[in-house]
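Structure record follows, encoded as structure tokens.
Note on naming: letters A, B, ... go to the chains in the order of the sequence lines (proteins, then strands), and numbering restarts at 1 for each one.
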Amino acid sequence: MTTRTQRLQQAIADTGHTFQGPILGGGDYVPVVHDGDVAYVSGQVPRVGRKVVVTGRVGGSVTLAEAQQAARICAIRGLLLLQAQLGDLDRIARVLRVGVYVQSAATFTQQSEVADAASALLKTVLGDAGAHTRTSVGVYQLPKDASVEIEMTVRTRPTASGTA
Amino acid sequence: MTTRTQRLQQAIADTGHTFQGPILGGGDYVPVVHDGDVAYVSGQVPRVGRKVVVTGRVGGSVTLAEAQQAARICAIRGLLLLQAQLGDLDRIARVLRVGVYVQSAATFTQQSEVADAASALLKTVLGDAGAHTRTSVGVYQLPKDASVEIEMTVRTRPTASGTA
Amino acid sequence: MTTRTQRLQQAIADTGHTFQGPILGGGDYVPVVHDGDVAYVSGQVPRVGRKVVVTGRVGGSVTLAEAQQAARICAIRGLLLLQAQLGDLDRIARVLRVGVYVQSAATFTQQSEVADAASALLKTVLGDAGAHTRTSVGVYQLPKDASVEIEMTVRTRPTASGTA
């Protein structure tokens, strides 16, 4: 039986990237606000270290598969930020809402399929707690020409006991 | 005096569509997360049965009136999902926030007028509890070429007593 | 030592605009829902009185500096609405989340830099309570051709004691 941390490490390994050091943001905001038993995670672009690794319009210069990879990296960043904030991924009681923004070409309509890659990762790592509501839209531009941006809201619990 | 359920049925009849069987979604997420006394509803497109019935760019191939019809269908789907989750529409204490995404032509700026159709429906069905905060934006693309997508967050109460 | 109200008045003066009378919205929704200890603020465009004062695409007819001014006006409107609803800005315990929508030209990717102007203003006025999570995206159109739209969610406290 694996832990959430082990499954997150596997998901990271599957991307072919390494995430070392602090997760860097790109503006005058904080990555996570943990307020009572709800934690809000700022919108994450597919940044690894200092570099946004998937840029361009999905359905144009960026394929669906590349956008799905971007979505996974955004979700991984969110989980790493929550892990740093909460001390333990097992303190995530439930992912409440995920917002997925896809920088889209004019005729690209598979935003849900891009978002599914992030949703599947959250369920793989967190189990039933990873099932969430979601809003996916196709936007015109994202910061740093990122192909995908993902924000999350989660409910937390005081201790990490009793999770698989 | 009518009930919320009766008023929702009237709103459905006014669309000319029937909503039978479960409300189907389009991805790897859940339609509603009910957490404590807050329920989050995933972004809804104007899908009736398996078919998205209003597609295309608003202000282009889609008129304002057609987009308003789409917005009403999105709001109806949200209410039907909440009814299924909560067991009774009377358990909605307050609509907290509505997010409205309009797939817009390049010069279309009446996103608020599109959203107003959903807002009016929520107030008609729910009364004062249907008054909400709202964010309306014009996006470049929506899943399945949908013309409108609407998400909702509502506060719930344990029982359905005392509502009109 | 200055109060939050004084610092907001200074921020308003810095815009060169005056905000007198009620803050007007543009649709069939309410400006703020205060539910328990969370207040939701509807998406604000840079409207002063009845007029949206910054319109057009950022990176096109609108410069980064003009968009930053628009972002500040949106944030000021949000704070004025919260002040009216709560009676005192000191009742804001923490800004939880800020959503920033920038009506962007096709190749404009500095949405974060636009949003930073609003974020800095919130921190200037509210101090540590103004630090927030944020999601910034570039949308295709905004209501009334507004260049920027900003929504906020804040946690409140029952009384205004103990704030700087």
Side-chain angles (χ1 to χ4, degrees), chain A residues 23-45 47 52 55-57 60-61 74 77-78 81-82 85 96-106 108 111 135-155, chain C residues 36-39 57-60 67-68 71-72 75 92-124 128-142 149-157:
Chain A
I23 299 293
L24 302 174
D28 193 8
Y29 56 89
V30 299
V32 181
V33 169
H34 187 200
D35 180 70
D37 65 353
V38 177
Y40 301 81
V41 183
S42 288
Q44 299 298 312
V45 296
R47 192 192 300 264
V52 179
T55 58
R57 288 191 186 277
S61 62
C74 296
R77 284 175 55 94
L81 288 167
L82 285 167
Q85 176 79 34
L96 300 171
R97 178 186 176 274
V98 175
V100 180
Y101 305 88
V102 180
Q103 183 175 275
S104 298
F108 181 75
Q111 287 81 17
T135 295
S136 306
V137 301
V139 294
Y140 198 43
Q141 283 293 327
L142 287 172
K144 281 84 185 173
D145 195 29
S147 300
V148 182
E149 181 171 346
I150 296 182
E151 64 176 338
M152 288 195 278
T153 310
V154 308
R155 184 163 57 81
Chain C
D37 66 353
V38 178
R57 290 189 184 279
V58 185
Q68 290 171 326
R72 287 185 201 101
I92 299 175
R94 184 72 189 264
V95 181
L96 300 172
R97 178 186 176 274
V98 175
V100 180
Y101 305 87
V102 180
Q103 183 173 276
S104 299
T107 57
F108 181 74
T109 60
Q110 293 184 286
Q111 287 80 18
S112 290
E113 287 76 1
V114 174
D116 277 351
S119 294
L121 186 147
L122 292 173
K123 295 204 296 186
T124 297
D128 289 348
H132 52 266
T133 66
R134 196 178 79 189
T135 294
S136 306
V137 302
V139 294
Y140 198 43
Q141 283 293 326
L142 286 172
E149 180 172 345
I150 295 182
E151 64 177 340
M152 287 195 278
T153 310
V154 308
R155 184 163 58 80
T156 63
R157 63 185 142 217

| said: Shorter than 4.5 Å, heavy atoms on both sides: which option in Val114(C), Thr107(C), Asp37(C), Val95(C) has the most such pairs with chain A? | reply: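 Looking at each of Val114(C), Thr107(C), Asp37(C), Val95(C) in turn, Thr107(C) comes out on top.
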| said: If you count heavy-atom pairs within less than 4.5 Å of chain A, which of Ala131(C), Ala120(C), Ala106(C) leads? | reply: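 Highest number of heavy-atom pairs under 4.5 Å: Ala106(C).
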| Residue among Glu149(A), Gln44(A), Glu151(A) satisfying side-chain hydrogen bond (donor to acceptor under 3.5 Å, both in side chains) with Thr135(C) |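 Exactly one candidate clears the test, Glu151(A).
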| request: Check whether Val139(A) gets within reach of chain C through its side chain, its backbone, both or neither, counting any heavy atom under 4.5 Å. | output: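 Answer is both: backbone and side chain atoms of Val139(A) are under 4.5 Å from chain C.
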| request: With sequence neighbours left out, write down each residue that passes ring pair (Phe, Tyr, Trp, His ring centres under 6.0 Å) with Tyr40(A), or none if nothing qualifies. | output: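 Result, ring pair (Phe, Tyr, Trp, His ring centres under 6.0 Å) vs Tyr40(A): none returned.
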| field | All ring pair (Phe, Tyr, Trp, His ring centres under 6.0 Å) counterparts of Tyr29(A), not counting sequence neighbours | value |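 So Tyr29(A) forms no ring pair (Phe, Tyr, Trp, His ring centres under 6.0 Å) with any residue.
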| query | Considering all heavy atoms of both residues, which atom of Val33(A) and which atom of Arg94(C) are nearest to each other, and what is their separation? | reply |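 Answer, listing the atom of Val33(A) first, then Arg94(C): CG2-NH2, 3.4 Å.
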| query | Taking the side chain from Ser42(A) and the backbone from Arg134(C), do they hold a donor-acceptor pair closer than 3.5 Å? | reply |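 Such a contact is found between Ser42(A) side chain and Arg134(C) backbone.
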| message | Among Asp35(A), Val38(A), Leu142(A), Asp145(A), which residue has the highest count of heavy-atom pairs closer than 4.5 Å to chain C? | response |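 Of the options given, most contacts go to Asp35(A).
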| When Gly43(A), Gly138(A), Gly25(A) are compared by non-hydrogen pairs under 4.5 Å with chain C, the top option |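 Option with the top pair count is Gly43(A).
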| Thinking salt bridges, do Lys123(C) and Asp28(A) make one under a 4.0 Å N-O criterion? |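 Judged by the 4.0 Å cut-off on N to carboxylate O distance, Lys123(C) and Asp28(A) do form a salt bridge.
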| task | Below 4.5 Å from any heavy atom of chain A, which atoms of Tyr140(C) appear? Answer side chain, backbone, both or neither. | result |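 For Tyr140(C), backbone and side chain are both near chain A.
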| message | Using 0.5 Å steps for rounding, measure from the CD atom of Glu113(C) to the NZ atom of Lys144(A). | response |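 Answer for the CD-NZ pair, Glu113(C) versus Lys144(A), is 4.5 Å.
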